[in-house]
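Reviewing the structure listed below.
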Amino acid sequence: MSDKKIALVTGANKGIGYEIAAGLGALGWSVGVGARDQTRRDAAVARLRDAGVDAFGVPLDVTDDRSVAAAADLIAEHAGRLDALVNNAGITGGGAQQPSSVDPAVIRTVLETNVIGVIRVTNAMLPLLGRSASPRIVNMSSSVGSLTRQSGPDGETTTGPVAVAYAPSKSFLNAVTLQYARELADTKILINCACPGFVATDLNGFRGVRTPQEGAATAIRLATLPDGGPTGGFFEDAGVVPW
Ligand SMILES: NC(=O)c1ccc[n+]([C@@H]2O[C@H](COP(=O)([O-])OP(=O)(O)OC[C@H]3O[C@@H](n4cnc5c(N)ncnc54)[C@H](OP(=O)(O)O)[C@@H]3O)[C@@H](O)[C@H]2O)c1
């Protein structure tokens with residue numbers, strides 16, 4: 001088994017996930033580029049390798065049990081363990097998401113990726129994380145999932161528009177993260193949520209104001225936490241995000 005740290009980043013073919021992979025690679029990690037589309041995955045791996053990153057492709061659709069199981073097998077064979085899992089893949093569900101008119105199918109689709117996908121991938125990777133000396137899990141959340149900010153007087157300015165599929169999916173993810181933190185409290189695993197800020201990516205039609213590199217910073221910090229670091233927390237660049 002290599003001494004090099006091994007990470008898996010889901011949805012790493014573009015946007016914030018790609019920059020998390022690049023950032024961990026720059027720190028000397030070997031990075032599994034989790035991506036569901038072969039062409040996009042191969043292109044990202046090639047670009048990362050050109051930048052000097054020890055990157056390897058991991059076919060991965062977080063909504064598909066067999067794909068996730070195969071990804072765990074691939075990492076077991078490639079590296080024998082996992083030091084950091086970054087659950088970054090996510091979708092908004094698109095379109096208008098007013099509670100009074102939303103199509104329930106949109107909510108199911110968003111939850112399948114943003115919440116159940118994270119649980120599916122995490123559970124498949126736990127045995128590999130258990131073989132690490134300092135395992136870390138980072139769940140890419142969003143401050144739109146903060147109930148405190150949603151209910152504040154300046155709701156829209158701090159958490160974005162009303163979106164009954166996307167925003168609650170991140171609240172759900174935060175709650176799920178706490179359940180894992182409680183179950184894993186007696187293990188070496190540290191598990192936390194990251195908010196990247198409002199980042200210019202495909203997810204929001206590139207309307208965000210931060211670069212994907214800036215958006216990757218908190219997740220990279222949480223993936224590389226020292227032993228004794230926080231677990232069951234929710235962080236952005238400026239510090240703790242209120243639940
Ligand atoms: N951008 C922001 O302002 C912002 C703010 C807060 C939180 N976030 C969160 O940050 C994360 C990354 O978002 P981003 O802005 O970088 O968006 P993005 O550019 O749209 O990237 C999303 C990534 O997730 C992948 N993905 C989606 N569904 C998947 C599935 N079923 N299986 C595997 N991969 C899947 C996409 O792959 P394909 O290319 O195959 O679609 C893509 O690689 C998300 O969880 C998002 O909710 C973003």
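Atoms within each ligand, like the ligands themselves, are counted from 1 in listed order.
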Original post:
How does Asn204 reach ligand 1, by side chain, by backbone, by both or by neither, if only non-hydrogen atoms under 4.0 Å count?
Top reply: side chain
Original post:
Looking only at heavy atoms, which two atoms of Ser141 and Cys193 are closest? And how far apart?
Top reply: CB-CB, 4.0 Å
**OP:** Starting at CG of Leu60, measure out to OG of Ser67 and round the result to the nearest 0.5 Å.
**Re:** 5.0 Å
**OP:** Would you mind telling me if ligand 1 is within reach of the side chain of Arg40, the backbone, both or neither, using heavy atoms under 4.0 Å?
**Re:** side chain
Subject >> Atoms in ligand 1 flagged as close to Ser142, the criterion being non-hydrogen separation under 4.0 Å >> reply: 6 (C), 7 (C)
**OP:** Specify the protein heavy atom at minimum distance from atom 32 (N) of ligand 1: its residue, its atom name, and the distance to 0.1 Å.
**Re:** Val62 N, 3.0 Å
Original post:
How close does the nearest protein non-hydrogen atom get to atom 41 (O) of ligand 1, and which residue and atom is it?
Top reply: Arg36 NH2, 2.8 Å
**OP:** Identify, by atom number and element, the atoms of ligand 1 in contact range of Gly15, meaning under 4.0 Å from any of its heavy atoms.
**Re:** 16 (O), 19 (O)
Subject >> Residue part near ligand 1, for Pro196, under 4.0 Å between non-hydrogen atoms >> reply: side chain
Original post:
For ligand 1, is there an N or O atom under 3.5 Å from any N or O atom of Cys195?
Top reply: no
Original post:
Closest non-hydrogen protein atom to atom 20 (O) of ligand 1, residue and atom name please, with distance?
Top reply: Leu203 N, 3.5 Å
**OP:** State plainly whether the residues Arg108 and Asp103 are in salt-bridge range, i.e. N to O under 4.0 Å.
**Re:** no
Subject >> Transitive ILVMFWY side-chain link Val58 to Val45, under 4.5 Å >> reply: no
Subject >> Residue Gln213 excluded, over 12 heavy atoms near CD under 6.0 Å >> reply: no
Original post:
At a non-hydrogen distance cut-off of under 4.0 Å, which region of Tyr18 contacts ligand 1 (side chain, backbone, both, or neither)?
Top reply: neither
**OP:** Please write down residue, atom name and distance for the protein heavy atom closest to atom 21 (O) of ligand 1.
**Re:** Lys14 CE, 3.8 Å
**OP:** Could you check atom 7 (C) of ligand 1 against the protein and tell me its nearest heavy-atom contact, residue, atom and distance included?
**Re:** Ser141 O, 3.1 Å
**OP:** Look at the side-chain heavy atoms of Ile, Leu, Val, Met, Phe, Trp and Tyr, link any pair under 4.5 Å apart, and say whether Leu85 and Val176 land in one connected group.
**Re:** yes
**OP:** Identify, by atom number and element, the atoms of ligand 1 in contact range of Lys170, meaning under 4.0 Å from any of its heavy atoms.
**Re:** 45 (O), 46 (C), 47 (O)
Original post:
Taking N or O atoms only and a 3.5 Å limit, does Ile91 qualify as a polar contact for ligand 1?
Top reply: no
Subject >> Electrostatic pair Arg136-Asp227, nearest N-O below 4.0 angstrom >> reply: yes
Original post:
Under 4.0 Å from any heavy atom of Thr63, which atoms of ligand 1 are there?
Top reply: 31 (N)
Subject >> Residue among Asp65, Asp64, Asp61 satisfying salt bridge (Lys or Arg N to Asp or Glu O under 4.0 Å) with Arg120 >> reply: Asp65
**OP:** May I have the step-by-step check of salt bridge (charged side-chain N to carboxylate O under 4.0 Å, His left out) for Arg210 and Glu236, ending in yes or no?
**Re:** CA-CA 13 Å; Arg210 311 188 77 211; Glu236 60 188 357; over 6 Å; no
Subject >> Short N-O contact, Asp54 and Lys4, less than 4.0 angstrom >> reply: yes
**OP:** Return a yes/no value for Phe198: is any of its N or O atoms, backbone included, closer than 3.5 angstrom to an N or O of ligand 1?
**Re:** no
Subject >> Identity and distance of the protein heavy atom lying nearest atom 26 (N) of ligand 1 >> reply: Ala89 CB, 3.8 Å
**OP:** Among Asn87, Thr122, Asn139, Thr231, find the one that has a side-chain hydrogen bond (donor to acceptor under 3.5 Å, both in side chains) with Thr177.
**Re:** Asn139
Original post:
What is the nearest protein non-hydrogen atom to atom 46 (C) of ligand 1, stated with its residue, atom name and distance?
Top reply: Tyr166 OH, 3.5 Å
Original post:
Is there a path of hydrophobic side-chain contacts, each under 4.5 Å between heavy atoms of I, L, V, M, F, W or Y residues, that connects Ile137 with Leu8?
Top reply: yes
**OP:** Mark up the atoms of ligand 1 that fall under 4.0 Å of a heavy atom belonging to Gly11, in ascending order.
**Re:** 23 (C), 24 (O), 25 (C), 43 (O)
**OP:** Could you list which atoms of ligand 1 come closer than 4.0 Å to a heavy atom of Gly90?
**Re:** 22 (C), 24 (O), 27 (C), 44 (C), 45 (O)
Original post:
Counting heavy atoms only, which part of Leu60 comes closer than 4.0 Å to ligand 1: side chain, backbone, both or neither?
Top reply: backbone
**OP:** Kindly indicate whether a cation-pi arrangement holds for Arg47 with Tyr18, taking the cut-offs as under 6.0 Å to the six-membered ring centre and within 45° of the axis.
**Re:** yes
**OP:** State the atoms of ligand 1, each with its element, that fall below the 4.0 Å cut-off from a heavy-atom position in Gly197.
**Re:** 2 (C), 3 (O), 4 (C), 5 (C), 6 (C)
**OP:** Report the part of Asp37 in contact with ligand 1, treating N, CA, C, O as backbone and CB onward as side chain, heavy atoms under 4.0 Å; options are side chain, backbone, both, neither.
**Re:** neither
Original post:
Which protein non-hydrogen atom lies closest to atom 12 (C) of ligand 1, naming both residue and atom, and how far is it?
Top reply: Asn88 OD1, 3.2 Å
**OP:** With Arg221 as the cation and Phe235 as the aromatic partner, state whether NZ or CZ is under 6.0 Å from the six-membered ring centre and within 45° of the axis.
**Re:** yes
